[in-house]
Amino acid sequence: MTTEAAPPTPEQTRAQLQAQVAALPAKPGVYTFRDANDRVIYIGKAANLRSRVRSYFGSPRSLEGKTRVLAGRISQLEVVTTHTEQDALHLEATLVKRHQPFFNVRLKDDKHYPYLKIDVDAPWPRVTIARRVAKDGSRYFGPYASAKSVRTTLDLVKKLFPWRSCDKEITGSDPRPCLEYYIRRCIAPCTSFCTPDEYNEVIDQTMLFLDGKSETVVKQLKSAMTDAAEELNFERAAQLRDQISAVERVTETQLTADTSAAEIDVFGLAVDGDEAVVQVLFIRGQNMAGSDHFNVAGVKDESAGSVIASFLRQHYESGLHPPRLVLIPDDVDDLELLQSWLSDKRGSKVEVRHPKRGDKRRLVAMATENASETLQMSRVRWMADRGRTDAALEELEEALSLPAPPKRIECYDISNTQGSNVVASMVVFLDGRPATSEYRRFRIKTVDTSDGPNDFASMAEVIQRRFKRLGEERRAERSQGFDVPDEPSTPRSDDDQSESDSEGWAAIPDLVIVDGGKGQVSAAHDVMRNLAVDDIPLAGLAKREELLFQVDSSDPVRLDRRSQGLYLVQRIRDEAHRFAISYHRRLRARQTSQSTLDRIKGIGPRRKKALLRKFGSLQAIREADVTDIAATPGMTQRLAEQLKLEL
């Protein structure tokens with residue numbers, strides 16, 4: 001009787017991997033990490049495989065957060081050597097798009113942009129739509145943001161320039177031209193009404209127009225119109241005049257970008273947690289040819305430059321024709337390698353630049369602003385989708401073993417700067433949507449932060465203040481022999497910030513989420529148990545691996561990375577963090593201005609208020625003239641001079 005071999009222990013697996021790493025060649029190539037379930041979790045490229053892969057198996061303390069988690073999951077290693085680092089870059093981009101590994105920056109959208117194609121080597125070229133750029137000698141114009149935009153442009157150039165749209169064989173012996181000749185949309189090479197040179201001139205003008213060189217086209221047409229008039233061919237001159245007017249009208253209505261470069265792709269980036277949006281603006285000539293956005297995942301703990309570099313490799317790997325100039329919002333590593341790879345794909349030099357000033361910097365800022373708006377709108381659309389939020393709530397009900405989908409979810413977060421100005425936030429989501437009128441803020445009062453921040457104690461204080469009155473009412477009712485009602489009566493107002501009496505403040509949440517792991521959950525649960533409100537479901541969302549921790553479970557709940565439930569709790573956690581951070585910054589700014597002005601003799605509350613109302617900030621007061629300060633209500637010349645001296 002045979003028995004199956006036991007799976008290797010983590011120590012055995014690590015020893016095997018280290019032996020494999022020691023045998024790797026010091027050559028360029030691509031490495032692939034798989035987990036215990038044989039899933040591809042990361043793909044990377046290296047100029048020196050042995051040195052690069054070895055870095056994952058050193059001391060965990062030397063690794064960043066995301067890399068440390070990745071290193072702990074590696075069970076298998078595969079490598080492919082290449083001749084050059086550029087070949088490795090190409091292979092990495094291909095494999096990442098194919099496998100979509102969790103720890104890689106991943107481009108979610110696999111889009112193929114349309115182009116306009118002119119086969120200049122054909123005897124009678126036409127303008128057609130193409131989905132990919134091929135090295136076939138043809139001229140390609142684009143990319144265009146959508147099929148609609150490329151068809152609109154095709155219709156436009158067909159109206160402006162009389163090239164043939166038919167695909168028939170041109171012999172020049174047809175007995176009569178088609179309708180397009182009579183409506184001036186074609187110069188009829190099929191009936192030999194034009195010479196090859198005349199037809200090629202039309203194609204050349206079309207290419208100049210698509211290149212954004214409308215002024216050159218207009219000059220050529222005006223010259224031809226003058227020649228026709230001098231030859232007394234007034235009908236031809238009138239046709240050219242109408243064509244000139246049409247080209248000029250179209251040029252005036254095009255959106256112009258303030259740049260002289262002929263081909264530019266401009267990229268902007270907005271990041272939110274593990275997701276990001278990349279916005280791209282296509283500029284051709286002096287015209288904005290279009291724009292588009294891409295959703296990107298797996299960006300947590302990645303620098304902006306790393307996200308952009310990975311995105312560019314996947315973006316242009318799909319056959320997209322690189323422009324002469326690529327503008328990006330941050331510096332990237334391996335810039336020369338990236339430029340070399342793009343230049344090879346284009347067939348001529350491509351420059352990748354992070355502009356620091358001027359018009360090109362403003363273009364990047366515009367793309368970044370669009371990316372931020374797109375990311376925000378994506379979040380709003382998701383929250384407004386009733387079907388998705390219902391599915392998310394049902395998923396949380398099942399994953400956390402709740403009695404029903406959580407109608408009211410409260411989330412708490414702590415914010416501080418090295419223990420100073422410690423604050424907390426409570427955000428409320430009703431039916432999966434933010435209820436901003438129910439948000440509350442807390443200033444931490446009882447926690448000693450002289451030795452640094454104490455998030456556990458701070459979380460305990462917040463939970464104590466939130467549920468104190470509910471606990472008191474429950475104990476009072478139980479002592480009198482009454483059953484505890486579903487909801488307490490409206491509590492008294494708290495002595496802190498905006499915790500006013502309201503139906504929302506009296507409501508019992510169906511789920512409480514704290515920002516953090518086991519420590520924060522334990523601190524909150526201890527308080528809720530002492531207050532006799534521990535029947536309220538409680539969970540903690542840890543940032544690093546997005547795991548949900550519960551009190552009565554030793555194993556955390558791992559929701560699927562693409563699940564609606566995880567997306568909802570991430571949005572709730574991020575909103576609590578944002579609300580806490582904004583309050584903390586406000587207090588810190590107020591403390592800065594107060595501590596500086598309050599120590600100046602003669603500046604009391606009224607004068608300080610008048611100064612801040614007039615100048616807006618402490619920095620503005622520092623930069624102001626003594627005369628302007630003295631003109632502030634309540635101030636004198638001598639006091640203004642003293643103020644300037646001490647500031």
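Because only heavy atoms are used, hydrogens play no part in the values below, and waters and symmetry mates are left out as well, while side chains stay in. The first residue of the sequence shown is numbered 1, and numbering continues consecutively from there.
By the 4.5 Å heavy-atom criterion applied to side chains, L396 and I409 are counted as neighbours. Contact of the D265 side chain with the Y316 side chain is registered, since non-hydrogen atoms from C-beta on lie closer than 4.5 Å. Considering only heavy atoms from C-beta on, V326 comes within 4.5 Å of P323 through its side chain. Within the 4.5 Å cutoff, side-chain heavy atoms of I463 are placed close to those of M528. Using a 4.5 Å heavy-atom threshold, the side chains of D390 and P405 count as separate. Contact annotation: the side chain of N370 never approaches that of V277 to less than 4.5 Å [non-hydrogen atoms, C-beta and beyond]. Within the 4.5 Å cutoff, the side chain of I414 has heavy atoms near those of the M459 side chain.
Nearest heavy-atom pair, A610 versus P633, reported as atom, atom and distance to 0.1 Å: CB-O, 3.8 Å. Nearest heavy atom pair, residue P355 against residue V364, reads CG-CG2, 3.7 Å. Heavy-atom minimum distance, E302 versus F103: OE2-O, 4.3 Å. Residue F267 comes nearest to A367 through the heavy atom pair C-CB, 3.8 Å, listed as atom of the first residue, atom of the second, then distance. For the residue pair F549 and G517, the shortest heavy atom distance occurs at CD1-CA, 3.8 Å. Nearest heavy atom pair, residue V557 against residue Q550, reads CG2-OE1, 3.7 Å.
Residues forming a side chain to side chain donor-acceptor pair (under 3.5 Å) with R361 (at least two apart in sequence, or on another chain): none. Qualifying ring-ring contact (aromatic ring centres under 6.0 Å, His included) partners for F467, counting only residues two or more places apart in sequence or in other chains: none. Partners of E395 under the side chain to side chain contact (heavy atoms under 4.5 Å, CB included) rule, at least two apart in sequence or in another chain, are L559, S563, Q564. Remark: Q464 engages K468, V527, L531 in a side chain to side chain contact (heavy atoms under 4.5 Å, CB included) (not counting sequence neighbours). With sequence neighbours excluded, the residues that form a side chain to side chain contact (heavy atoms under 4.5 Å, CB included) with R578 are Y439, E575. For A276, the side chain to side chain contact (heavy atoms under 4.5 Å, CB included) partners at least two apart in sequence or on another chain are L269, V271, V296, V299. In this structure, the side chain to side chain donor-acceptor pair (under 3.5 Å) partners of S310, at least two apart in sequence or on a different chain, are Q314. Residues meeting the side chain to side chain donor-acceptor pair (under 3.5 Å) test with H577, sequence neighbours left out: D413. A search for side chain to side chain donor-acceptor pair (under 3.5 Å) contacts involving E461 returns T446, R465, not counting sequence neighbours. With sequence neighbours excluded, the residues forming a salt bridge (Lys or Arg N to Asp or Glu O under 4.0 Å) with D331 are K356, listed by chain and number.
With R440 contributing its side chain and M426 its backbone, the two residues share no donor-acceptor pair below 3.5 Å. Checking side-chain atoms of K407 against main-chain N and O of L430 turns up no donor-acceptor pair under 3.5 Å. Side chain of R607 to main chain of G602: a donor-acceptor pair is present (N/O by atom type, distance under 3.5 Å, no hydrogens or angles). At least one donor-acceptor pair under 3.5 Å links the side chain of Q339 to the backbone N or O of V352. A donor-acceptor pair under 3.5 Å is formed between the side chain of S425 and the backbone N or O of A576.
Rounding to the nearest 0.5 Å places CD1 of I629 at 11.5 Å from OG1 of T636. In this structure, I600 CD1 and L639 CG are separated by 8.5 Å, a value rounded to the nearest 0.5 Å. Interatomic distance, CD of E410 versus CD1 of I536, reported as 8.0 Å (0.5 Å rounding). For the atom pair E641 CD and R638 CZ, the distance stands at 9.5 Å (nearest 0.5 Å). Note that CG of L538 and OH of Y412 are 10.0 Å apart. Values are rounded to the nearest 0.5 Å. Summarising the geometry, atom CG belonging to L363 is positioned 9.5 Å from atom CG belonging to L325; distances are rounded to the nearest 0.5 Å.
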Quiz item: Step by step, would you call I572 with L568 a side-chain contact (heavy atoms from CB on, under 4.5 Å)?
Solution: CA-CA 6 Å; I572 296 173; L568 176 60; 4.0 Å; yes
Self-check item: Derivation of the side-chain contact (heavy atoms from CB on, under 4.5 Å) call for V307 and D330
Solution: CA-CA 10 Å; V307 174; D330 212 323; over 6 Å; no
Exercise. I would like to know whether V332 and L312 meet side-chain contact (heavy atoms from CB on, under 4.5 Å); could you show each step before the answer?
Key: CA-CA 11 Å; V332 301; L312 291 178; 5.7 Å; no
Practice problem: Output, in order, the C-alpha distance, side-chain angles, deciding distance and verdict of side-chain contact (heavy atoms from CB on, under 4.5 Å) for I444 and V462. | Solution: CA-CA 8 Å; I444 302 303; V462 172; 3.6 Å; yes
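Residue pairs meeting the salt bridge (charged side-chain N to carboxylate O under 4.0 Å, His left out) criterion with at least one member in residues 507-532, sequence neighbours excluded, are D515-K543, D526-R529. For the salt bridge (charged side-chain N to carboxylate O under 4.0 Å, His left out) condition, no pair includes a residue of residues 623-637, sequence neighbours left out.
Using a 30° and 60° split on the angle between ring planes, F294 and H315 fall in the perpendicular class, above 60°.
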